[in-house]
Amino acid sequence: MTDYFDGGGAPPFIGVPSLRPPFVEATRVSGREAELAALGEVLAARPGSELERLLVVVGPGGIGKTTLLAATACDAARSGRPVFWVRCRVGDTVEALTARLVAAARTLGLAADQIGAAQQAGRSLIDLVWGHLETTPGWVLVFDNLDQAAPSGAAEAVAEYGGWVRPSRAGVVLVSSRDRDPTHWGSAAELFRVEPLDDLAGGAMLRADAPQAGTRAEARALAARLGGLPLALQAAGRALGKRTASLGSFIRYQQALTDRTLHVAPEPGGQLDARDPGTARSLVGQTWELSLDQLGTEGLGLARPLLRLLALLADAPIPCALLTPTLLGQITGEQVSAAGLDAALDGLDRYGLVETPELARTCRVPTLALHPLVRETSVLLLEASTDPRLWRDALSASLITAIYVTVDAGGEGWDMARILAPHLPLITGLASEDLETFGPCRDALNALAAQLHAAGAYDAELALRHTVLHAKQRVLGVEHPDTLLSSSNLAFALLGLGEYQRAVALAQEVLGVRERVLGAEHPDTLQSSSNLAFALLGLGEYQRAVALAQEALRVRERVLGAEHPDTLASRNDLANALLGLGEYQRPAELHQQVLEVRERVLGAEHPDTLASRSNLANALVGLGEYQRAAALDRQGLEVRERVLGAEHPATLASAGNLALALQGLGEYQRAAALYQQTVEVRERVLGTEHPATLENRTNLANALIGLGECQRAAELHQRVLEVRERVLGAEHPATLASAGNLALALQGLGEYQRAAALDQQTVEVRERVLGAEHPSTLESRNNLANALYGLGEHQRSDDLHQRNLDIRERVLGAEHPDTLASRNNLANALVGLGEYQRAAALHQQTVEIFERALGAEHPTTLGSRNNLANALVGLGEYQRAAALHQLTLGVRERVLGAEHPDTLTSRNDLALVLYGLGE
């Protein structure tokens, strides 16, 4: 695949698996009342106490650890506590665990920008997350099935409390594990041992599923024979509860257990200790095998090989579509029909041999799952009876076929892509040293990883990119071109997770190798240069990004031609970097060139064309061409909603862009509605402090100012400013923008002193960092001048507005919206100084341009006309002033309503003029 991502900025941080606890039926925790009460006491301990809590629920597989913790977590969630469920799998990487823990911390208020800042400074993400958790009391964090002392690749064991699992004073940390060694969990850990069910509770569980199978005494005897292991009891109860049960009774089932000999463990005799892992595995194997025997008597002999096949897949939900008659026929050597496969699956489900995962409640793709102990036991039974290599190879071929079916489905296959991803590292060809075998497997994983990127499932993509990269490094070497391509793809997955610093470091590393090995102008080297430029946008290093993009564009235009896709991508990257530097005219021209070529070559609805249209609209907003920008954004939003769905990141970006253009057109009500919708989705999907969420909240607040809701706007801007100051620092561009926005809202509330103080600080920093003529500096100086005017400091206000006007006329032109705003503001300052003639002349010019450019009823035109009327009052021209105020008042009452602040201003101004006329 091509190793670049063409868009308007770094992808958002999304795609983390659900952290909700699984649903548990009440009947599954019967007999565990004492254990539930003990766990409830742990949760009831007051958060913030001196006692650090780390509770480790231990026991063998199948003993019911997950069920107990799920019931406890659900109780906590019902009481209103934040609960996060992290399902651990064998082979989990530090990155996978990082993504889940960071998502939990972000839900509790940790900002994504704070994470980026920590990475940029080289600080520990682990310490950052736990530091934040300790400031937020009351949460419950569950690590389910953490059977390793540390995730794959972790530098520290759990017992050192320097990794992801730590005791806490602020919240409750619960762990389920088979590892009963207290030294592995550290001095602060409390081990809570889950015991087998006693005969009475075990018998009750059996009779709940099979009341007709015998007496209470017979049920208790069978429960004792099964060692009180809940998983084995569940299997036996479901098997005996079927009308077609061949064994029929508790007594006959117990006799069958005694008669059957398994290869996984010696045949047990007498009372069993289900706390022993080997015994637990033996019990599960025996009960499962009896259930499979029973299915065989029903004519469902395919159920046994089907269960063995499922066990070879990863510990994750399994897509039912992966299971085909052809696949099952390959491993059994029989002719398998679709009806036969469906019947076998139905039998496994009826007998409780497979489970319905939590994912099935929200996902459109049918899935099933196996209990980890059942998986282990089934694999052992398979290996004891046959060579599993044929099975694994057949399964690998089926996975590759499923990949390409999923990729061909486009957006409709995104759910399937997410579900397939955990199983793909099991493809046998990835371990081959033979390139003819390895190559197709590599290509298939790359194809699915690209689809996961398009779906925004960056954590799943990252895992696949790691798998492919490690395989290529082993087979091809670290500096092979194909390996470097995988490194680039991994960098873009990191960008999707907001890990900008790591992405930049990896992109820089690849560029260095390619420059040394291939030369500065090799296409792959130029691509690396573009990739690095794009990654730098995520860090806000626009100057470096501009230099890299310019050089790549220069070479590509000469070598590839002006319309080559790579040349267009470089032109796009350069334009976006220039926008970050506050240049609008040149980016607009570059984006227009790219859009025209892409529309002609790719079509109007191609994703790259949509990206170009959105980028051009953003540049046009900077130029004040709101009408053109809104038209482009409407087109992009309509297509993305139809193709990608309403909550896709690109769709949300289009909605936000359209709202910004509408705001420029004075359509504050529509803009605010769009922003409100977007903020709600982003808060739910990305978290309350994600950069995209903060940006949308900022835009919503600005739209509210236009609607006169200054109090609400000020509260929103204050929240954003506090987050950005804490996460980014006081002088970060985004923090300065928030300070300026808050000052504007305060002006609307008449709090000029606070507004002026904020604006003064912002001007000083921006002049020092950006320069005196940067657009952001001009904006801050304009806001400061307006605040000073509100304080009655008209001369200082006049001087600042005159300076801004001179710069904007020279740089932007006489009719740019920002130039007009400066002319309008200067005229207002002149009124304060009593220079009514100059003020009226400036206002007259501004009104004429606004009427021509925006229309007679645009809010900006109305404000300018109102200002002209006030200047005429100073000249004694009451009749003209009254006519202008009357016209403005009529429009504002009709458009804004009788009680909008601007309407009240017009009514007050008209009353004053009429008073001057003696009316």
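Everything numeric here is computed off the predicted structure, so don't read it as measured data.
With hydrogens and angles disregarded, no donor-acceptor distance shorter than 3.5 Å links the side chain of Thr386 to the backbone of Leu382. Using a distance-only test at 3.5 Å, with no hydrogens or angles considered, a donor-acceptor pair links the side chain of Trp139 to the main chain of Leu133. No donor-acceptor pair closer than 3.5 Å links the side chain of Glu35 to the backbone N or O of Leu68. Side-chain atoms of Ser176 do not come within 3.5 Å of backbone N or O of Val57 as any donor-acceptor pair. Remark: side-chain polar atoms of Thr406 are not paired, donor with acceptor, to backbone N or O of Gly413 under 3.5 angstrom.
Here the OG-CG distance, from Ser378 to Leu292, works out to 7.5 Å after rounding to the nearest 0.5 Å. From Leu306, atom CG reaches atom CG of Leu323 across 6.0 Å, with rounding to the nearest 0.5 Å. A distance of 9.0 Å separates CG of Leu231 from OG1 of Thr67, quoted to the nearest 0.5 Å. In this structure, CD1 in Ile318 is found 11.0 Å from CG in Leu420, a value given to the nearest 0.5 Å. Annotation: the span from Leu302 atom CG to Arg304 atom CZ amounts to 11.5 Å, rounded to 0.5 Å.
Nearest heavy atom pair, residue Ala105 against residue Val129, reads CB-CG1, 3.8 Å. Between Leu206 and Ala236 the shortest heavy-atom distance is CD2-CB, 4.0 Å. Between Pro167 and Trp130, the closest heavy-atom pair is O-CZ3, 4.5 Å. When every heavy atom of Leu222 is checked against every heavy atom of Tyr253, the shortest pair comes out as CD1-CD2, 3.9 Å. Of all heavy-atom pairs between Thr135 and Gly131, the closest is CG2-O, 3.3 Å. Taking both residues in full, the closest heavy atoms of Thr428 and Ser396 are given as N-OG, 2.9 Å, listed atom of the first, atom of the second, then distance.
Using a cut-off of 4.0 Å between Lys/Arg side-chain N and Asp/Glu carboxylate O, Arg166 and Asp127 are scored as salt-bridged.
When side chains are defined from C-beta on, Gln451 counts as touching Trp414, because their heavy atoms get closer than 4.5 Å. Phe192 has its side chain out of reach of Val42: every pair of non-hydrogen atoms, C-beta onward, lies at least 4.5 Å apart. Put simply, the side chain of Asn489 does not reach to within 4.5 Å of the side chain of Leu469, judged on heavy atoms.
Judged as a salt bridge (Lys or Arg N to Asp or Glu O under 4.0 Å), and not counting sequence neighbours, Asp393 has no contacts.
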